[in-house]
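In what follows, every chain begins at residue 1, and chains take the letters A, B, ... in the order their sequences are listed.
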There are 2 protein chains.
Amino acid sequence: METIEQILESKNIRVTAMRLLIYKFLAENQVAATLSDVENAFEKADRTTLYRTVKTFVERDIVHQIDDGTGIVKYALCEQNCSCEIETDLHLHFHCNNCNETVCLTEHKIPKIKVPDGFVSENINLVVKGMCDKCSGQ
Amino acid sequence: METIEQILESKNIRVTAMRLLIYKFLAENQVAATLSDVENAFEKADRTTLYRTVKTFVERDIVHQIDDGTGIVKYALCEQNCSCEIETDLHLHFHCNNCNETVCLTEHKIPKIKVPDGFVSENINLVVKGMCDKCSGQ
DNA sequence: AAAATAGATGCATTGGAAGTGCATTATTGC
DNA sequence: GCAATAATGCACTTCCAATGCATCTATTTT
Ligand SMILES: [Mn+2]
Ligand SMILES: [Mn+2]
Ligand SMILES: [Zn+2]
Ligand SMILES: [Zn+2]
């Protein structure tokens, strides 16, 4: 079991108090978080610091960015050993139109998608919208 | 062959000069257009009018809104008889990371996607990112 | 240890895009 | 033509992303 410190260091991210806190926040959160969510969790911290911290995490592939169609970017921790590139890392995301929460369905990989001749697929974003388990009442 | 006037009227959209122009612009455009694209095409028109015209088109299901992950909404005409809802209308979109253009791949329908128990799928957004045919050099 | 360097954080400000309230103009139905 | 209704235009607001620069902190070098 790697500690958070080790995870950060393995990605050449300097360990700071703030970064540890933000990492923990994302780790404890079951749903993808917006920057505002992070802000609300750390009211004393500066918005820019939070913004840049999360951005660093994304650049170093320990957090992935989710575009669920709401127009507001959401963030979630990557799985261990995720490279954020290989096809096997691509999972689908579910956005609940009722509670507005977005979750990673990491077990649900994205199926092979055919594209026309001449097009080269490098990445795939798949978002399913509807009613989440909590909101559908079962 | 329906005229544009007939298409608008069939969806209870009043025919105005501006709306005809915007419709034609979208029809001639092979790639999905941002609001800025529309603005640039009609510099004399007011931004709000363009915004609300496109919005009306979306609400009446003659234009669909595309969220390709760039953070900027894009618009494209729906196909004839599109309801924007039925599963058979859902096609995939391709976003080129090189030229930044997004195109509808209307022939490529979105495959069935399984979601976990309790989740109810109502809509699916599938965007493939990579290199388009023009940019890949073939 | 002190100095030098690099990196992180905080504050102020900017920019872009979406959205709205309200006055004016055009269109429609009578 | 007149009244009602819808479309358009202008001004303004809100929201989030992003950046320049000063300051503080940690690391490295001497
Ligand atoms: Mn995810
Ligand atoms: Mn499309
Ligand atoms: Zn929900
Ligand atoms: Zn291209």
Side-chain angles (χ1 to χ4, degrees), chain A residues 4-26 32-60 62-76 95 100 102, chain B residues 4-26 32-60 62-76 95 100 102:
Chain A
I4 301 179
E5 280 88 345
Q6 288 169 335
I7 294 172
L8 294 183
E9 277 162 3
S10 75
K11 297 282 189 172
N12 288 314
I13 302 170
R14 284 201 190 167
V15 176
T16 68
M18 203 63 241
R19 288 175 175 174
L20 287 173
L21 286 171
I22 295 176
Y23 189 101
K24 276 179 201 153
F25 171 74
L26 292 174
T34 66
L35 197 63
S36 295
D37 292 337
V38 182
E39 269 182 83
N40 293 335
F42 304 101
E43 305 223 333
K44 279 185 292 187
D46 186 76
R47 207 189 129 69
T48 313
T49 304
L50 302 174
Y51 170 74
R52 285 200 264 235
T53 299
V54 172
K55 199 179 176 194
T56 299
F57 285 0
V58 171
E59 282 164 2
R60 304 292 164 86
I62 64 175
V63 160
H64 62 285
Q65 205 164 324
I66 304 162
D67 170 38
D68 62 9
T70 57
I72 299 165
V73 187
K74 295 184 179 173
Y75 303 94
H95 173 73
N100 204 31
T102 296
Chain B
I4 301 180
E5 281 88 345
Q6 288 169 334
I7 294 172
L8 295 182
E9 277 163 3
S10 75
K11 296 282 188 173
N12 287 314
I13 302 171
R14 282 202 191 166
V15 177
T16 68
M18 204 62 242
R19 288 175 175 173
L20 287 173
L21 286 172
I22 295 177
Y23 189 99
K24 276 178 202 153
F25 170 75
L26 292 174
T34 65
L35 197 62
S36 295
D37 293 336
V38 182
E39 269 182 80
N40 294 334
F42 303 100
E43 306 225 331
K44 279 186 294 186
D46 185 75
R47 210 185 64 78
T48 314
T49 304
L50 303 173
Y51 169 74
R52 286 199 265 236
T53 298
V54 172
K55 197 180 177 197
T56 300
F57 285 179
V58 171
E59 284 165 0
R60 303 293 164 85
I62 64 174
V63 161
H64 63 286
Q65 205 164 325
I66 304 163
D67 169 38
D68 62 8
T70 57
I72 299 164
V73 187
K74 294 184 179 172
Y75 304 94
H95 174 74
N100 203 33
T102 297

- Message: Restricting to non-hydrogen atoms, name the atom on A:G69 and the atom on B:D67 that form the minimum distance, rounded to 0.1 Å.
- Response: CA-OD2, 3.0 Å
- Query: Nearest-Å distance, CE (A:M18) to P (D:dC24)?
  - Reply: 19 Å
- Using atom CD of A:E43 as one end and atom P of C:dG10 as the other, report the distance to the nearest whole Å. 14 Å
- Item | Integer-rounded Å distance: C:dG16 P and B:N40 CG | 13 Å
- How about B:I7 and B:Y23: do any of their side-chain heavy atoms sit closer than 4.5 Å? yes
- Message: Once hydrogens and angles are ignored, does a donor-acceptor distance under 3.5 Å link the base of D:dC15 to the side chain of A:S36?
- Response: no
- Message: Under 4.0 Å from OP1 or OP2 of C:dG7: is there any side-chain N or O of A:T16 that close?
- Response: no
- Message: I want to check one thing: is the phosphate of D:dA7, taken as OP1 and OP2, less than 4.0 Å away from some side-chain N or O of B:T49?
- Response: no
- Query: Expressed in angstrom and rounded to an integer, what is the separation of B:E39 atom CD from C:dG19 atom C1'?
  - Reply: 13 Å
- Item | Separation of atom CG in B:D46 from atom P in C:dT24, rounded to whole Å | 16 Å
- What is the distance from CD1 of A:I22 to C1' of C:dT9, rounded to the nearest Å? 11 Å
- Looking only at side-chain atoms of A:R14, point me to the closest of D:dT27, C:dC11, C:dT9. D:dT27
- Among D:dA11, C:dA12, D:dC16, which is the nearest nucleotide to the side chain of A:R47? D:dC16
- Message: Whether A:R19 contacts C:dA8 is assessed here as follows: a side-chain N or O lying under 4.0 Å from the phosphate OP1 or OP2. Is that the case?
- Response: yes
- Message: Any heavy-atom pair between the side chains of A:Q65 and A:V54 that's under 4.5 Å?
- Response: no
- Query: Could you state the CG-C1' distance from B:L50 to D:dA7, rounded to the nearest angstrom?
  - Reply: 13 Å
- Return no unless some side-chain N or O of B:Y51 is found under 4.0 Å from OP1 or OP2 of C:dA18. no
- Does B:R52 get its side chain close enough to the base of D:dG9, under 3.5 Å, for a donor-acceptor pair? yes
- Item | Closest to the B:K55 side chain, choosing from D:dC10, D:dG20, C:dT20 | C:dT20
- Task: Quickly, which of B:N100, B:T102, B:T34 forms a side chain to side chain donor-acceptor pair (under 3.5 Å) with B:D68? Name it, please.
- Result: B:T102
- Heavy-atom donor-acceptor pair, A:T48 side-chain to C:dC11 base, under 3.5 Å: yes
- If you look at every heavy atom in B:I66 and B:A32, which pair is closest and at what distance? CD1-CB, 3.7 Å
- Round to a whole Å and report the spacing from CD of A:E5 to P of D:dA26. 15 Å
